[in-house]
There are 2 protein chains.
Amino acid sequence: MHTSGSGRPAAHSPRPAAPGGARVAGTPSPATPQAALPPARRVTLAQVARASDVSLKTASRVLGGEPHVASATRERVLAAARSLGYQRNTAASLLASGRRADYLGLITGDLTNPFYAALAQEIEESTRVHHLRLNLSSSGESPETEWELARSLSDQRCRALIVVSSMSDHAGYGELQRTGMPVVFVDRPARGVEADSVVLDNVRGGQLAAEHLLAQGHRDIAYIGDYDWLPTQRERFEGFARAMGRSGAGPWRDLVRTGAHDVPGAREAVQDLLSGARAPSAFVAGNNRSSLAVLQELVSRFPQPASRPAIVGFDDVEWAEVLGLTVIAHEAGEMGRRAVDLVLGRLGNPDRAPVSLVLPVRVIARGSGELAPPPTR
Amino acid sequence: MHTSGSGRPAAHSPRPAAPGGARVAGTPSPATPQAALPPARRVTLAQVARASDVSLKTASRVLGGEPHVASATRERVLAAARSLGYQRNTAASLLASGRRADYLGLITGDLTNPFYAALAQEIEESTRVHHLRLNLSSSGESPETEWELARSLSDQRCRALIVVSSMSDHAGYGELQRTGMPVVFVDRPARGVEADSVVLDNVRGGQLAAEHLLAQGHRDIAYIGDYDWLPTQRERFEGFARAMGRSGAGPWRDLVRTGAHDVPGAREAVQDLLSGARAPSAFVAGNNRSSLAVLQELVSRFPQPASRPAIVGFDDVEWAEVLGLTVIAHEAGEMGRRAVDLVLGRLGNPDRAPVSLVLPVRVIARGSGELAPPPTR
DNA sequence: GTGAAAGCGCTAACAA
DNA sequence: TTGTTAGCGCTTTCAC
């Protein structure tokens with residue numbers, strides 16, 4: 001048996017041709033070779049009809065779940081379909097009927113961000129309740145990829161689309177809407193197109209975070225934020241700036257670091273701040289990645305929890321509780337449910353005026369945001 | 001402006017008809033009503049052909065990216081397509097060509113589990129490299145939902161399927177394979193069907209966890225595990241049991257709690273153990289959910305880190321480092337890449353013998369697993 | 001309750 | 001380089 005491993009793998013080896021560290025267990029070929037089976041030609045409705053001695057149309061009725069078929073006939077067709085291994089050809093069905101597919105499309109930016117994962121999960125569940133499926137895909141925050149995915153979904157006659165968009169202009173989506181596909185924007189508002197959207201009250205979130213720390217007596221409050229083009233980042237920062245401006249806390253802008261989308265990037269920003277001339281006594285983290293980055297850096301630099309700078313994070317992720325992290329929380333799940341409701345509402349009433357929903361945020365105090373600044377001032 | 005919120009929402013209100021806590025910002029209707037536009041009838045290739053004064057076939061060639069078209073003709077068709085807002089009908093295209101769609105299907109069990117999220121992310125990226133899209137959906141660990149999704153994907157003539165299966169028997173997948181769609185099983189092995197698979201060396205993982213704690217002198221080692229039907233859980237437990245059995249650590253089976261899939265469930269199990277007659281001095285957590293649950297419970301019961309029971313978790317999640325959690329780690333990303341390689345390999349060579357890959361695991365020591373048992377024994 | 005014919009929008013084969 | 005013809009597998013009329 002192999003050993004317990006040899007350190008981290010070569011990062012992203014493009015095509016691991018050789019098995020590398022993996023153990024290959026050649027499955028012994030059992031006695032049922034699949035070569036004996038017919039070629040990859042699919043069973044068609046016509047074959048089922050012939051086998052059960054009915055017309056094509058009757059077979060179609062049965063397999064399409066239509067009424068007005070004698071139950072004896074129905075059973076016969078069903079049996080034939082089962083024994084032949086019939087699988088409906090969705091493409092043909094869609095083409096003939098002119099209907100749209102039975103799934104919603106969801107384009108998100110990053111599967112591994114727990115916030116989007118929670119959102120996707122909730123959308124999935126809401127979708128299922130309405131007897132629709134969900135086709136989830138990720139743009140990797142690339143506008144080009146996003147548009148490609150959106151086009152592809154539209155070409156596939158997807159029923160409706162929910163998008164966490166990384167595009168700065170959504171005029172192109174108008175083209176898709178015009179073919180009868182509702183589009184709902186989540187987390188980031190629609191720009192340049194009339195469409196429904198659900199977003200968070202980000203301005204208020206940023207403001208609450210700053211005010212919470214100001215109330216503890218902090219003045220040197222740092223802000224760690226995401227990409228500057230992200231509407232969520234801009235709005236959260238706007239709220240932060242508003243509260244800081246009002247507070248008279250001095251030249252707070254020196255302690256602002258934005259543009260870091262992942263944990264390593266944000267961590268660098270924190271390191272930079274902590275080794276700067278004016279070390280902050282508190283941090284506002286603009287999302288869950290930066291929250292984690294700030295925590296990692298603080299924990300490693302300040303072994304005693306009580307002596308650490310304060311921090312208010314964003315997004316109430318699963319690990320926030322155990323780390324005693326004060327956060328600006330919101331309901332990702334609620335956002336998902338609302339998005340599905342909007343999409344279905346518009347499916348039922350395409351001409352309804354666009355709706356923009358703004359969901360509330362709130363502070364959850366867990367200790368990290370209630371630490372006082374050091375007395376030596 | 002509304003206040004900062006009013007506690008947690010009513011859990012899963014089925015259809016939030018009224019706006020509730022959300023602010024509705026009615027978007028002012030701009031001057032471009034979309035009522036003036038033509039109905040939702042799509043532009044067809046025939047219309048593009050007519051508009052650019054070429055045959056249907058030539059238009060098809062241009063829009064299908066085929067060669068052997070005069071560049072002047074090509075431009076003319078492209079221009080017409082653009083100005084008419086042509087969108088290819090994928091269903092018709094697939095039907096006529098008999099090809100399969102340009103995406104892989106991935107069925108996973110739980111979008112919000114960071115392990116599966118990382119897996120999906122990597123599969124997405126590997127897939128994109130090969131100019132294919134990814135259609136991700138979640139079964140919610142329901143075998144029925146999984147099969148429905150698999151059938152639907154197959155009916156849509158999805159190119160190939162990667163599954164984190166919650167079914168106990170996979171014979172049904174054979175039917176899908178027979179129509180020419182490769183199926184690869186990830187994280188959980190194929191049962192009852194000949195198919196490629198990539199899994200972790202779970203037995204060894206469970207064994208390493210137990211041995212690590214035994215080496216620190218622990219004897220009262222608890223095990224917190226997932227659903228008993230999960231192959232990963234069974235194998236991890238098997239490894240744990242093997243190490244414990246060899247160790248002569250007494251009646252260790254009393255300290256085993258399995259069947260908890262989510263954090264609250266696992267947390268209950270930990271509470272139960274900690275208030276039992278024989279409190280464990282160490283924990284092995286069978287996955288990242290139970291790791292978090294154990295940590296939450298230990299942190300809340302034992303304010304001093306040094307006095308806490310030891311813990312070795314499973315899955316190297318993002319928050320493990322900041323919490324000093326010793327884990328059994330593996331490469332979820334590697335698993336994803338291998339799965340895509342297998343799927344593409346089989347696409348190129350359908351008759352190749354099934355391959356089973358087993359990826360290695362290893363211990364990452366971060367402190368929580370190196371705590372000694374209390375001296376009072 | 002059942003069936004015949006037409007055609008959804010596109011591509012494959014072949015011809016010109 | 002371009003066009004013609006014949007379907008792909010299904011659903012929709014509309015008849016019986």
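Predicted model only: the values in this text are computed from it and were never measured. When reading the values below, keep in mind they use all heavy atoms of this one structure, side chains included, and skip hydrogens, waters and symmetry mates.
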Please give, in whole Å, the distance from [N] [atom2] to [X] [atom1]?
X: D155(B); N: dC8(D); atom1: CG; atom2: P; value: 19 Å
X: L94(B); N: dG7(D); atom1: CG; atom2: C1'; value: 16 Å
X: R42(B); N: dC8(C); atom1: CZ; atom2: C1'; value: 13 Å
X: E75(A); N: dG1(C); atom1: CD; atom2: P; value: 15 Å
X: L45(A); N: dC8(D); atom1: CG; atom2: P; value: 13 Å
X: R61(A); N: dT13(D); atom1: CZ; atom2: P; value: 13 Å
X: Q156(B); N: dC8(D); atom1: CD; atom2: C1'; value: 18 Å
X: R50(B); N: dG9(C); atom1: CZ; atom2: P; value: 11 Å

Go through [options] for me and flag the one nearest to the [X] side chain.
X: R99(B); options: dT2(D), dA12(C), dG3(C); answer: dA12(C)
X: K57(A); options: dG9(D), dT13(D), dT2(C); answer: dT13(D)
X: A92(A); options: dC10(C), dT2(D), dC10(D); answer: dC10(D)
X: T44(B); options: dT1(D), dG9(C), dT11(D); answer: dG9(C)
X: A70(A); options: dG9(C), dT12(D), dT2(C); answer: dT2(C)
X: L56(B); options: dG9(D), dT11(C), dT2(D); answer: dT11(C)
X: Y86(A); options: dT2(C), dC10(D), dT12(D); answer: dC10(D)
X: N89(B); options: dC10(C), dT2(D), dC10(D); answer: dC10(C)

Is it true that [Y] and [X] share a donor-acceptor pair across their side chains at a distance under 3.5 Å?
X: S154(A); Y: Q87(B); answer: yes
X: E146(B); Y: S166(B); answer: yes
X: S152(A); Y: R133(B); answer: yes
X: T58(B); Y: S55(B); answer: yes

Base dG9(C) to side chain R157(A), donor-acceptor N/O within 3.5 Å cut-off: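 There is none.
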Donor/acceptor link under 3.5 angstrom from R74(A) side chain onto base of dG1(C): no
D196(A) vs R352(A), side-chain contact (heavy atoms from CB on, under 4.5 Å): CA-CA, chis, key distance, verdict: CA-CA 10 Å; D196(A) 300 322; R352(A) 185 190 63 187; 2.8 Å; yes
Residue met sooner reading DNA chain C from 5', once E66(B) and D53(A) are mapped to nucleotides: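 So the residue in question is D53(A).
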OP1, OP2 of [N] versus side-chain N and O of [X]: anything below 4.0 Å?
X: S97(A); N: dT11(D); value: no
X: T58(A); N: dG3(C); value: yes
X: S60(B); N: dT11(C); value: yes
X: S55(B); N: dG3(D); value: yes

Derivation and outcome, side-chain contact (heavy atoms from CB on, under 4.5 Å), residues L63(B) and L78(B): CA-CA 7 Å; L63(B) 268 45; L78(B) 250 21; 3.8 Å; yes
Position toward the 5' end of DNA chain D (nearest nucleotide), H68(B) or L95(B):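 Taking each residue's closest nucleotide, the earlier one in sequence belongs to H68(B).
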Sugar-phosphate, base or nothing in reach of R88(A), heavy atoms under 4.0 Å: sugar-phosphate
